[in-house]
Amino acid sequence: MTQPAPKDWIMGISPYIPGKSAADDGRPLIKLSANENPLGTGAAARAALVAATADLASYPDPAATRLREAIGAVHGLDPAQVIYGTGSDELLHIAASAYAGPGDEILYVRYGFAVYDIAARRVGATPVVAPDKDYATDVDALLATVTDKTKVVFLANPNNPTGTMTGREEIARLHAGLRPDILLVLDQAYAEYLDAGEDDGGLELAKSATNILVTRTFSKIYGLAAERIGWGYACPAIIEILHRIRAPFNVTTAGQAAAIAAINDSGWVESSRTHNARWREWLAGEVGALSNHGLRVVPSKTNFLLILFDGTLTAEAAMKGLWDEGYATRWLPGQGLPNGLRITIGTKAQTRAVAAKLRAMAEAA
């Protein structure tokens, strides 16, 4: 029977698999698999969201004017050069759509964010993976992998799922080494978790460069994952092109209001960052003490840890053991890390419980 046939490259896409929130038997779990803020959403953002739902019949501001102005004020950016999307994911997809297609290549580092492969294949481009350096970005390897077909380079910084960070000098060197017709997309979804002085300089570069797009999200430290709000910054020419293909009315009225309140709530951001840094360091120390059992932590600048299991206890077994304890974590065989388990930093009680279970399983294996 004849029926519509998808493009060949669509059939090559492996759908994105969200972090689990339930065990295989359907039991609900505490979700430490999606890197959400364990403290929830700040009171100011929650109040703004509720207040903004008074009018549900009208479309949201299509230009997200007040949101762009708020982002510009906080980060010292020209609001006219800010674009917004349904999470930063939409911006990653439209960047690929605007600048690549069949016959082109989209480059990213091994163990990069899973959406990069999907974004490349979705537009018929060829995904190309550069080697990493001990789970971190290798700038020399990225530059060596560039060909005359390369149109877009995606780089998450800090990186997901490894948590590693590429410093300001290396980002500048990467940009300087790319042809001016290659779009460098710096995905800074976890940038708000960095300490002062750790910023990679991407936004500053984007103020003058004509081939950089920096993306960020309200889904992580701001606790607004349910509302799907992202933003990006680039030169006027890039922003104008992206506006041509972004979805209209893509950020809801309530989402815009909540995001404005969230980005101005510096107290909530700081308390979330402080909590995360304390318990990330603590959990890394607890897992590091299990190195004689084959467990290793990849150094992280995010709100999660990637734990590698190279001993008797496997990552899959650890994931299932944590299910039994009531916690969902992210096992990563689909991203080439069958020995890796990504664990979001939770509350104090959750983090202590995860550490205790990991120790019990490692010692019993």
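One is the number of the first residue; the rest follow in order along the sequence. Given the structure is predicted, the values throughout are model-derived calculations rather than measurements.
- Every residue two or more places apart in sequence or in another chain that forms a side-chain contact (heavy atoms from CB on, under 4.5 Å) with T41 is listed here: A45, R46, L224.
- One side chain, T86 or E90, offers a donor N or O that lies under 3.5 Å from an acceptor on the other.
- The ring pair (Phe, Tyr, Trp, His ring centres under 6.0 Å) search around Y233 returns none, not counting sequence neighbours.
- By the criterion of side-chain heavy atoms lying less than 4.5 angstrom apart, applied directly or through intervening Ile, Leu, Val, Met, Phe, Trp or Tyr residues, V129 is not grouped with V139; the two fall into different hydrophobic clusters.
- In the hydrophobic clustering of ILVMFWY residues, with side-chain heavy atoms under 4.5 Å counting as a link, V269 and W231 come out together.
- Proximity of L337 to L306: side-chain heavy atoms (C-beta onward) are separated by under 4.5 Å at one or more points.
- Within the structure, salt bridge (charged side-chain N to carboxylate O under 4.0 Å, His left out) pairs that include any residue of residues 282-303 comprise D134-R296, E198-K301 (at least two apart or interchain).
- Going from atom CG of N211 over to atom CG of L183 covers 7.0 Å, rounded to the nearest 0.5 Å.
- Hydrophobic side-chain contacts under 4.5 Å tie W268 into a cluster, directly or through other members, with L39.
- Using a 4.5 Å heavy-atom cutoff, the side chains of L213 and L242 are in contact.
- A donor-acceptor pair shorter than 3.5 Å cannot be found between the side chains of N303 and N276.
- The ring pair (Phe, Tyr, Trp, His ring centres under 6.0 Å) test applied to F154 returns Y116, not counting sequence neighbours.
- Legend: residues meeting salt bridge (charged side-chain N to carboxylate O under 4.0 Å, His left out) with R68, ordered by chain and number and at least two apart, are absent.
- A salt bridge between K207 and E204 is present, with a side-chain N of the basic residue lying under 4.0 Å from a carboxylate O of the acidic one.
- Annotation: side chain of V152 is not in contact with side chain of L107 (no heavy-atom distance under 4.5 Å).
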Exercise. Under the side chain to side chain contact (heavy atoms under 4.5 Å, CB included) rule, what do L142 and L174 come out as? Steps first, then yes or no, please.
Key: CA-CA 8 Å; L142 272 172; L174 171 61; 4.2 Å; yes

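- By the 4.0 Å N-to-carboxylate-O rule, R359 lies close enough to E363 to be salt-bridged with it.
- Across every non-hydrogen atom of L194 and P158, the tightest pair is CD2-CG, 3.8 Å.
- R173 and D140 are joined by a salt bridge, as a carboxylate oxygen and a charged side-chain nitrogen come within less than 4.0 angstrom of each other.
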Exercise. Decide side chain to side chain contact (heavy atoms under 4.5 Å, CB included) for E316 and L341; before the verdict, give the C-alpha distance in whole Å, the side-chain angles of both, and the deciding distance to 0.1 Å.
Key: CA-CA 8 Å; E316 182 180 15; L341 202 62; over 6 Å; no

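- To the nearest 0.5 Å, atom OG1 of residue T344 and atom CG of residue L305 are 9.5 Å apart.
- With hydrogens and angles left out, the side-chain atoms of S219 and R228 include a donor and acceptor closer than 3.5 Å.
- Every residue two or more places apart in sequence or in another chain was checked for a side chain to side chain donor-acceptor pair (under 3.5 Å) with K151, and none qualifies.
- Side chain to side chain, E69 and T65 fail the donor-acceptor criterion of an N or O pair below 3.5 Å.
- The aromatic rings of W282 and W279 sit perpendicular, their planes meeting at an angle over 60°, well past the 30° parallel limit.
- In terms of the ring pair (Phe, Tyr, Trp, His ring centres under 6.0 Å) criterion, residue partners of Y111 (sequence neighbours excluded) are, by chain and number, Y135.
- Linking ILVMFWY residues whenever their side-chain heavy atoms come closer than 4.5 Å, directly or via other members, leaves V82 and L92 in distinct clusters.
- Taking every heavy atom of both residues into account, A125 and A100 meet most closely at CB-CB, 4.1 Å.
- Distance alone, capped at 3.5 Å, places no donor-acceptor pair between the R216 side chain and the G232 backbone.
- For the side-chain contact (heavy atoms from CB on, under 4.5 Å) test, residues two or more places apart in sequence or in another chain that qualify with I118 are I13, Y16, H93.
- A salt bridge does not link E36 to K220: none of the charged side-chain nitrogens sits closer than 4.0 Å to a carboxylate oxygen.
- You'll find the side chain of T150 stays beyond 4.5 Å of the side chain of V128, heavy atoms only.
- Contact check on D199 versus R168 returns a salt bridge, with a Lys/Arg side-chain nitrogen under 4.0 Å from an Asp/Glu carboxylate oxygen.
- The shortest distance between side-chain heavy atoms of D55 and T253 does not fall below 4.5 Å.
- L184 is listed as a side-chain neighbour of L186, based on a closest heavy-atom distance under 4.5 Å.
- For the atom pair S300 OG and I343 CD1, the distance stands at 11.5 Å (nearest 0.5 Å).
- Residue pairs meeting the side chain to side chain donor-acceptor pair (under 3.5 Å) criterion with at least one member in residues 96-108, sequence neighbours excluded: E105-T147, Y108-D117.
- Side-chain contact between L290 and H293 is present, with heavy atoms from C-beta onward closer than 4.5 Å.
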Practice problem: Assess whether side chain to side chain contact (heavy atoms under 4.5 Å, CB included) is satisfied between T162 and D132, documenting all intermediate values. | Solution: CA-CA 11 Å; T162 64; D132 65 302; over 6 Å; no

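- The shortest non-hydrogen separation linking M11 to P6 is SD-CG, 3.4 Å.
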Quiz item: Given the rule in the side chain to side chain contact (heavy atoms under 4.5 Å, CB included) test, do I345 and T351 qualify, once you have shown the distances and angles that lead to the verdict?
Solution: CA-CA 6 Å; I345 304 304; T351 307; 4.3 Å; yes

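- Residue pairs meeting the ring pair (Phe, Tyr, Trp, His ring centres under 6.0 Å) criterion with at least one partner in residues 165-210, sequence neighbours excluded, are Y190-F304.
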Practice problem: Tell me, with the steps shown, if Q188 and D200 meet side chain to side chain donor-acceptor pair (under 3.5 Å). | Solution: CA-CA 9 Å; Q188 298 183 345; D200 67 11; 2.8 Å; yes

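- For the atom pair CD1 of I71 and CD of Q81, the computed distance is 13.0 Å after rounding to the nearest 0.5 Å.
- Minimum heavy-atom separation, G12 to R121: O-CD, 3.4 Å.
- Taking CD1 of I241 as the start and CD1 of I238 as the end, the distance is 9.5 Å to the nearest 0.5 Å.
- Residue pairs satisfying the ring pair (Phe, Tyr, Trp, His ring centres under 6.0 Å) criterion with at least one member in residues 26-51, sequence neighbours excluded, are absent.
- The two atoms that bring I263 and A70 nearest to each other are CG2-CB, 4.0 Å, heavy atoms only.
- In terms of heavy atoms, G42 sits closest to D265 at CA-OD2, 4.5 Å.
- Atom CD in E227 sits 5.5 Å away from atom CD1 in I229 (nearest 0.5 Å).
- A heavy-atom distance below 4.5 Å is found between the side chains of R342 and N160.
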